[in-house]
Amino acid sequence: MRVLIVDDNPAIHEDFRKILVGRPNDQRALQQLERELFGDSSAPEADPAGRSEFELEIAFQGEQAVELARAALAAGRPFQLAFVDGRMPPGMSGIDTVAGLWDVDPRLQVVVCTAFSDHSWSDIVRKLGHSDGLLVLRKPFDGIEVLQLAHALTRKWVLGHALRQRLDNLETVVGARTQALEDVNHELRVQIDQRTRAEADFRHLATHDPVTGIPNRVLLRERMTASLARARRTSSSVALVLVDLDHFKEVNDAYGHPAGDELLRAVAERLRGCVRASDVVARIGGDEFVLLVEDIVEPEEAALVAERVLKACSEPFLVSGHAVHTPPSMGIALYPHDCSDAEGLLKSADLAMYEAKESGRATFRYYAHGMLSSSNEKLRLREQLMQALERDEIKVWYQPLVDLESGRACAVEALVRWQHPELGLVPPMKFIPTAEKSGLIVPMGAYVLRTACRQLAEWRARGLELSMAVNVSVREVQAAGFLDVVRNAVVEAAIPPHVLEIELTESDAVRDPERFAAVLTQLAELGVRIAIDDFGSGYSSLMRLRALPLHVLKVDRFLVNELVNNERDAAIVGAVVAMGHSLGLTVVAEGVETPEQLEALRHLTWNQTVPARCDRVQGYLLSKPLTAEDASEWLTCAQPKSGLRPTG
């Protein structure tokens, strides 16, 4: 054991040497005495070769002692014990020396040797504080006392040092094992994360459509089950809107399946914009989509969703560089009104969707409220329509057309309305499909034609230079005696045939152009003008229509709607106008609703150089459909250019 003796008296140094080192026999005697006095059989015995277990170093001053302690610690041979004289003048006092030694080595055991007159215990504690490494030895001291202190304190130091080593080793082992556990935990977390991601990817593939990325039939059924359960708890309603794209197969056939997939993705994106974030948009196969709308308060809310879908999908889709139209047919089913389970709700919506297709496509039908699902309902509506003709409930309204150059009203379009005594004004989409399916469209169309011709004769008699456009359906054109109906209407009203325009939609005209050509050619020989309505909504071209004796081409309102914001639509309209003019046709722009659209139509060009301005414009910006009385007032008041201003 290394012991530091700090005292300015050489004689004291010699006393410590005799006590701690001394002769071997004396050392053994002292150790034996210590064991006998304290009963400590574990105390080490003196070295048989005569070597002392204590190695002494001497310091005469405090500064010297501090430097010795520092050097010993740096060499890896620290002192275990220091005997420090309490007085030790001049230089550092004994108490300051102890403080200095502890600054160098806080683990050093210290014995302060002091007389009663030097320092009291309270003085020492006040200056050094309480410490289990400090003892006070009063002078004069006894050799046995010094030897006992030396043995006890050095052994304490050794035991403390061993304990610290064991603790350090234990910390090392614990740290290594903890790190190993952390490494294993990290690897487990990585594996769990990978598995979780793999499971999430697998579930996404199993529950989402690979083309559009939206939920598929599997996830839709899960969401429907949850929605219906929630609706049962909250006594609320759920609407299911089944959306089927019309003419989708034609897009695939014309442009290929990649273009069809591109169209499906575009449709899915527009459908998401028609519902809330909490609602579900799913693709259940082919060209069929489903909208699951929760928290429905009134059935009419589902109709609002369907109308948003119609408006969104009425705009052309750009697919592989081509603008295509795929108007949807939709069926609506309501929970709990129509069905109480998910499967039944899907079937109900599917039935309603097919009813919408049979009703003329590009529309929607309710399974119960809006769809005429039973033969009794269909019969009742048919009888009501027959009574409507007899009771003069079928009315003809008129929407003006304005010459774009002069601003003068140049024509009107006749539009059929049903003024029901209980339901009020019934929109055409509610009764025209039934009229066509039942055949009532033929007498109804004849009535509209005669009424429109008589009204035109009245206006022309007032000096209004107008023409009249009347819409006819496929069923009317195919009916026997259609030519006679038109001829008689013109003769009875005593109007020139060329002021009457017969309008067919593009889709109707191209359904069987050769068959239509014969009838329309005879109409043209009578002097009646032929117009194609909604041009651009189907998949025909001017070349496909060249076999028909056409005079007027009406650009579809959905192309006009995006005229300002979509350069492609503007280019398409410009090309249509230019091609129409090249064939000698009068070109009309339908659906003009904003001043910006009107201004764009004024400055249309083809190929960015050739002016391609429409001849006529029509739309809500100029006038909504009006009764005969209101239309008369509008036409009478409209002066040149005034027709180009909104009329409210």
Side-chain angles (χ1 to χ4, degrees), residues 212 243 245-247 251 255 259 262-277 281 289 304-328 362 399 401-402 404-405 506 533-539 541-542 553-581 587-624 643-648:
T212 61
V243 182
L245 303 180
D246 298 331
H247 312 302
V251 176
Y255 306 119
E262 184 180 353
L263 175 59
L264 291 173
R265 286 189 288 270
V267 171
E269 186 65 26
R270 291 193 188 179
L271 291 180
R272 278 197 292 259
C274 296
V275 295
R276 300 163 300 186
V281 178
F289 295 83
L304 295 177
V305 173
E307 288 171 356
R308 284 198 296 268
V309 172
L310 285 173
K311 183 177 181 181
C313 294
S314 64
E315 302 175 2
F317 293 91
L318 186 62
V319 176
S320 298
H322 304 278
V324 299
H325 288 83
T326 54
Q399 186 176 28
L401 284 75
V402 174
L404 188 59
E405 181 175 0
E506 177 190 11
D533 194 12
D534 298 335
F535 186 82
S537 61
Y539 295 90
S541 66
L542 289 174
L553 190 69
K554 301 186 77 171
V555 181
D556 186 78
R557 66 181 65 250
F558 302 125
L559 290 175
V560 175
N561 187 51
E562 288 299 313
L563 187 64
V564 177
N565 302 321
N566 191 316
E567 293 182 0
R568 287 184 174 272
D569 280 5
I572 291 172
V573 175
V576 169
V577 173
M579 294 176 67
H581 285 167
V587 182
V588 180
E590 295 181 290
V592 180
E593 297 180 355
T594 67
E596 291 78 11
Q597 293 172 348
L598 182 63
E599 192 64 20
L601 290 169
R602 289 178 181 277
H603 300 93
L604 272 179
T605 60
W606 177 69
N607 202 20
Q608 299 181 347
T609 56
V610 179
R613 187 167 66 178
C614 291
D615 301 294
R616 301 173 180 176
V617 290
Q618 176 184 6
Y620 280 20
L621 177 67
L622 311 174
S623 174
K624 298 179 180 180
L644 295 181
R645 293 199 299 267
T647 59

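Numbers here simply count residues along the sequence, with the first being 1. Computed from a predicted structure; not experimentally measured. Keep in mind that the numbers below use all heavy atoms, side chains included, and drop hydrogens, waters and symmetry copies.
- The side chain to side chain contact (heavy atoms under 4.5 Å, CB included) test applied to Leu318 returns Arg568, not counting sequence neighbours.
- Under the side chain to side chain contact (heavy atoms under 4.5 Å, CB included) criterion, Ala578 pairs with Trp606, Ala612, sequence neighbours left out.
- Every residue meeting the side chain to side chain contact (heavy atoms under 4.5 Å, CB included) condition with Val564, not counting sequence neighbours, appears here in chain and number order: Glu596, Gln597, Ala600.
- The two residues Thr326 and Leu245 come nearest to each other via the heavy atoms O-CD2, 4.0 Å.
- Shown here are the side chain to side chain contact (heavy atoms under 4.5 Å, CB included) partners of Ile572, two or more places apart in sequence or in another chain: Ala323, Leu559, Asp569, Val576.
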Residue pair Asn565, Glu562: steps toward the side chain to side chain contact (heavy atoms under 4.5 Å, CB included) verdict: CA-CA 5 Å; Asn565 302 321; Glu562 288 299 313; 3.9 Å; yes
What do the steps show when you test Val577 against Leu601 for side chain to side chain contact (heavy atoms under 4.5 Å, CB included), and what is the final call? CA-CA 10 Å; Val577 173; Leu601 290 169; over 6 Å; no
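- Side-chain atoms of Asp615 come within 3.5 Å of backbone atoms of Val587 as a donor-acceptor pair (strictly under, hydrogens ignored).
- By the 4.5 Å heavy-atom criterion applied to side chains, Tyr255 and Val324 are counted as neighbours.
- Legend: side-chain hydrogen bond (donor to acceptor under 3.5 Å, both in side chains) pairs involving residues 263-276, not counting sequence neighbours, sorted by first then second residue: Glu269-Arg272, Arg276-Asp279.
- To the nearest 0.5 Å, atoms CZ (Arg602) and CD (Glu405) are separated by 10.0 Å.
- In this structure, SG on Cys614 lies 7.0 Å from CG on Leu404, to the nearest 0.5 angstrom.
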Can you check side chain to side chain contact (heavy atoms under 4.5 Å, CB included) on Val251 and His322, steps first, answer last? CA-CA 10 Å; Val251 176; His322 304 278; over 6 Å; no
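- Between Leu563 atom CG and Glu599 atom CD the span is 11.0 Å, to the nearest 0.5 Å.
- Take Glu593 and apply the salt bridge (charged side-chain N to carboxylate O under 4.0 Å, His left out) test, not counting sequence neighbours, and it matches no residue.
- For Asp246 (side chain) and Ala362 (main-chain N/O), a donor-acceptor pair under 3.5 Å exists by modelled atom type.
- Classified by interplanar angle (parallel below 30°, tilted 30° to 60°, perpendicular above 60°), the ring pair His325/Phe558 is tilted.
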